[in-house]
Amino acid sequence: MAEIQLRDLWKYYDDVAAVRGINLDIEHNEFIALVGPSGCGKTTTLRMIAGLEDITAGDISVGDRIVNEVAPKDRDIAMVFQNYALYPHMSVFQNMSFGLKLRKTAKEEIERRVNLAAEILNIEELLERRPKQLSGGQRQRVAMGRAIVRDPQVFLFDEPLSNLDAKLRVQMRTEIKKIHQRVKTTVVYVTHDQVEAMTLADRIVVMNEGVIEQVGSPEEMYDAPETLFVAAFIGSPSMNFIPCRVEANNGGLSVRLSDDLTFPVPGDRNDRYGSCVGKEMLFGIRPEHITDKRPHTDPTHHDFTSDVIVLEPMGIDTMVFINIGETEITTRSRPRAVSQVGETMDFTIDMAHMHLIDPETEKVL
Amino acid sequence: MVSVPNVDRAAVAPPPGPFRSRMKKRLGPDIDGYGFLLPATIVMVSLVVYPFCLAVWFSVSDAFVGEPASYVGLENFIYILTEDDIFIETIWNTLLFAFWSVLFKVVLGLSCALLLQRILKLRRFFRGSVLLPFVAPTALSTLGWWLILDPTYSHINWILANVWPFSYFGWGPYNFLGNPTLAMASVIFVNIWRGIPFFIITILAGLMAIPDHLYDAAEIDGASTWRKFYSITLPLLRPVLAIIILFSTIFTLGEFNIIYVLTRGGPMNSTHLFSTYSFTYGILNHEIALGAAVALFLFPILVVIVVFLLRMVRRDTSHEL
């Protein structure tokens, strides 16, 4: 069993706190993605789990033992690095077998394991090559192979796909998911790409400035972000935020987005937002919840018109940029329902998916 | 049929003259480039190629200062190899001198570079100060060593005689430059002292070029410190090591200053190297032909070393970091 626990984990570099007292429980065989912008502490956290960085304060346990003082090699982990970290002077076989050799594994066993990993990763014919003779995707596979042959309790991935081109990245993403399904083990996966996190992980941990903003399944992250940061970070294109004022309205509530645009808040949220009446808040809504006008009966759907500023065709959908008050927002429409730039267009907004954010605490209510 | 627009190139640029176009065919499109090479070529020819050819001519002639020279074939070489015992001793001296000097420079240079890489405080100070032996003029710093090793005024002998615990054992005084073995050890020591900064700085640069993540990967793979050095640092440093060993071997085999200042080849010719012995023949004894033969004796040996080491470098750099 290889659950990982982080308890009140701190990391200081001189006077700078990179990780500020985070707590996290990772379950056995769970795929966890640590995601956040550059410098949010996600890689530092991963390196602390690996044992490559000392811990300033707190505890890390793998399985049921605390590993704070345990050397990386004795933690039963394997790591895949961002730039692959393949030994340039060794063949693929030697790269993959180096760790086993150091552990004095029998020669036949080394060969068996390397061949098995090579088969899983489809790199059997590359075993005699040097890293220089490999493409980016192949190097990535070898780096994973090196981890797989060790048969570790925990896999650590440090932005493994960020050096690949866009197409290969998508392909390898699927590959990693397949491999995880085949080689069941606990995975901690660091990335700054929220799409990678969403597609791969069982649970996502969003980090920002050394603290954990939110932990949850990809769906929870997307549908019910708890902070402004998570709401903005997860989803592409990202959520729209419009300054608004909450108003009482015939026993219900409404949000005023501009002088001439107010929408009623769904009735079931009256209690939640009741205390905000009269306050300046942030209204959050994802692009796909403002569409071209469609027939609807749902009481949470409302129509409005606006001028089209910019169009971004994506193929299946077209992103339509419009102004609400002073704020430029993104909406998502079917290509054939879109007007020309400069013309007015009818939209439907689905208030059931709105979020209300307190600009002072940056919490989603 | 699709017609290709007929662009008249001659109408765009003036046609090259017949001489120019013939040269272009032979030398490639950028014939102007050869013009830019000219200044460097003149310097190289007048300062390197001409003296070298002159030395080759002297070595196969009976040149003597103030007399016309005539061709004598390999007579000079046969003479120094068969009838000149000092020359045979010089060959051994040179090999001994170069072997121990380069060996110690590699080992100590590598050790110091590894230490310097780990030093975080006062980093610039240490890195700068190791360069001191390198930047001081050799003749001048060797005079300092001459004083330190002098039989009468030697600092080392004074320490051996007057400072506990050395004084207790009654070691010394030694005649460092007067005893053949000690003299050789002394000139080797000063050569190491003088040459080590070059090794340290170059190896340090080589060490910095090895990416940290390789060590992270090795750490996770379970490599001990020694194993990381042996399996990662050393193989990736090999091209750098090969180059500096090559340079150092060439310069050490041709060492002159240190020997000339400290021992002048003595005592009893025990520290003569090719260069000092050649100087003795050619300048002091006016036998330019024999001096040139001694100096050129080194040339084929150097060519072999250079070819061997450069091959090794080429093979080693076939990987990228």
Side-chain angles (χ1 to χ4, degrees), chain A residues 14 43 46-53 70-92 94-105 110 129-134 139 142-147 149-150 152 154-160 163, chain B residues 106 110 113-114 117-124 202-246 309-321:
Chain A
D14 295 328
T43 294
L46 190 79
R47 289 173 64 86
M48 285 196 284
I49 298 174
L52 295 172
E53 299 283 349
V70 177
K73 67 186 169 82
D74 299 322
R75 293 190 183 192
D76 205 4
I77 46 158
M79 186 158 168
V80 178
F81 293 86
Q82 179 172 6
N83 20 28
Y84 322 129
L86 299 177
Y87 310 121
H89 54 297
M90 297 186 194
S91 69
V92 168
Q94 288 167 327
N95 262 286
M96 286 169 68
S97 59
F98 189 61
L100 295 175
K101 219 169 113 192
L102 293 178
R103 284 173 172 73
K104 306 218 173 354
T105 314
I110 291 181
R129 294 211 198 152
R130 294 273 181 99
K132 192 197 170 192
Q133 298 164 294
L134 304 176
R139 287 181 205 185
V142 175
M144 282 201 281
R146 181 165 65 182
V149 292
R150 296 255 316 276
V154 180
F155 268 97
L156 305 176
F157 286 89
D158 183 11
E159 310 218 13
N163 282 7
Chain B
V106 172
L110 185 55
L114 287 167
Q117 193 192 20
R118 275 159 187 72
I119 286 176
L120 298 174
K121 297 261 158 72
L122 293 175
R123 188 175 204 150
R124 278 156 177 259
T202 317
I203 293 174
L204 195 57
L207 286 174
M208 312 275 252
I210 301 176
D212 285 341
H213 55 75
L214 291 184
Y215 293 105
D216 285 344
E219 179 92 35
I220 300 252
D221 268 339
S224 60
T225 308
W226 166 244
R227 187 66 198 226
K228 277 188 261 183
F229 173 73
Y230 178 76
S231 292
I232 294 174
T233 311
L234 217 46
L236 293 179
L237 219 48
R238 254 172 65 170
V240 172
L241 285 176
I243 288 283
I244 50 173
I245 290 174
L246 171 72
L309 280 171
L310 283 183
R311 278 217 178 144
M312 192 173 124
V313 171
R314 209 165 300 146
R315 202 189 60 219
D316 265 21
T317 43
S318 62
H319 57 70
E320 64 185 19
L321 293 177

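With a 4.5 Å cut-off on non-hydrogen atoms, A:Ile77 touches chain B through its backbone and its side chain both. Contacts of A:Arg47 with chain B are made by side-chain atoms alone, with heavy-atom separations under 4.5 Å and no backbone atom involved. Neither the backbone nor the side chain of A:Leu156 comes within less than 4.5 Å of any heavy atom of chain B. Heavy-atom distances place no part of A:Ala147 under 4.5 Å from chain B, backbone and side chain included. The contact between A:Phe81 and chain B is made entirely by side chain atoms (from C-beta outward), counting heavy-atom distances below 4.5 Å.
At most 12 non-hydrogen atoms from other residues, nucleotides or ligands lie less than 6.0 angstrom from NZ of A:Lys101. By the neighbour-count criterion of 12 heavy atoms within 6.0 Å, atom CG of A:Asp74 is densely surrounded, having more than that number from other residues, nucleotides or ligands.
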Derivation of the side chain to side chain contact (heavy atoms under 4.5 Å, CB included) call for A:Arg146 and B:Asp221
CA-CA 9 Å; A:Arg146 181 165 65 182; B:Asp221 268 339; 3.7 Å; yes
Between B:His213 and A:Met79, is a side chain to side chain contact (heavy atoms under 4.5 Å, CB included) present by the stated rule, with each step listed?
CA-CA 11 Å; B:His213 55 75; A:Met79 186 158 168; over 6 Å; no
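Per-residue heavy-atom pair counts under 4.5 Å with chain B were compared for A:Pro72, A:Ala143, A:Pro152, A:Ala85, and the maximum is reached by A:Ala85.
Within the 4.5 Å cutoff, the side chain of B:Glu219 has heavy atoms near those of the A:Leu52 side chain.
Nearest heavy-atom pair across A:Ala50 and B:Ile220 is CB-CD1, 3.8 Å. Listed here is the closest heavy atom pair of A:Pro88 and B:Leu236: CG-CD2, 3.5 Å.
Taking CD from A:Gln94 and OG from B:Ser231, the interatomic distance works out to 10.0 Å, rounded to the nearest 0.5 Å. Here B:Leu214 contributes atom CG and A:Tyr87 contributes atom OH; the two are 7.5 Å apart, rounded to the nearest 0.5 Å. The structure places CG of B:Leu234 at 9.5 Å from NE2 of A:His89, a figure rounded to the nearest 0.5 Å.
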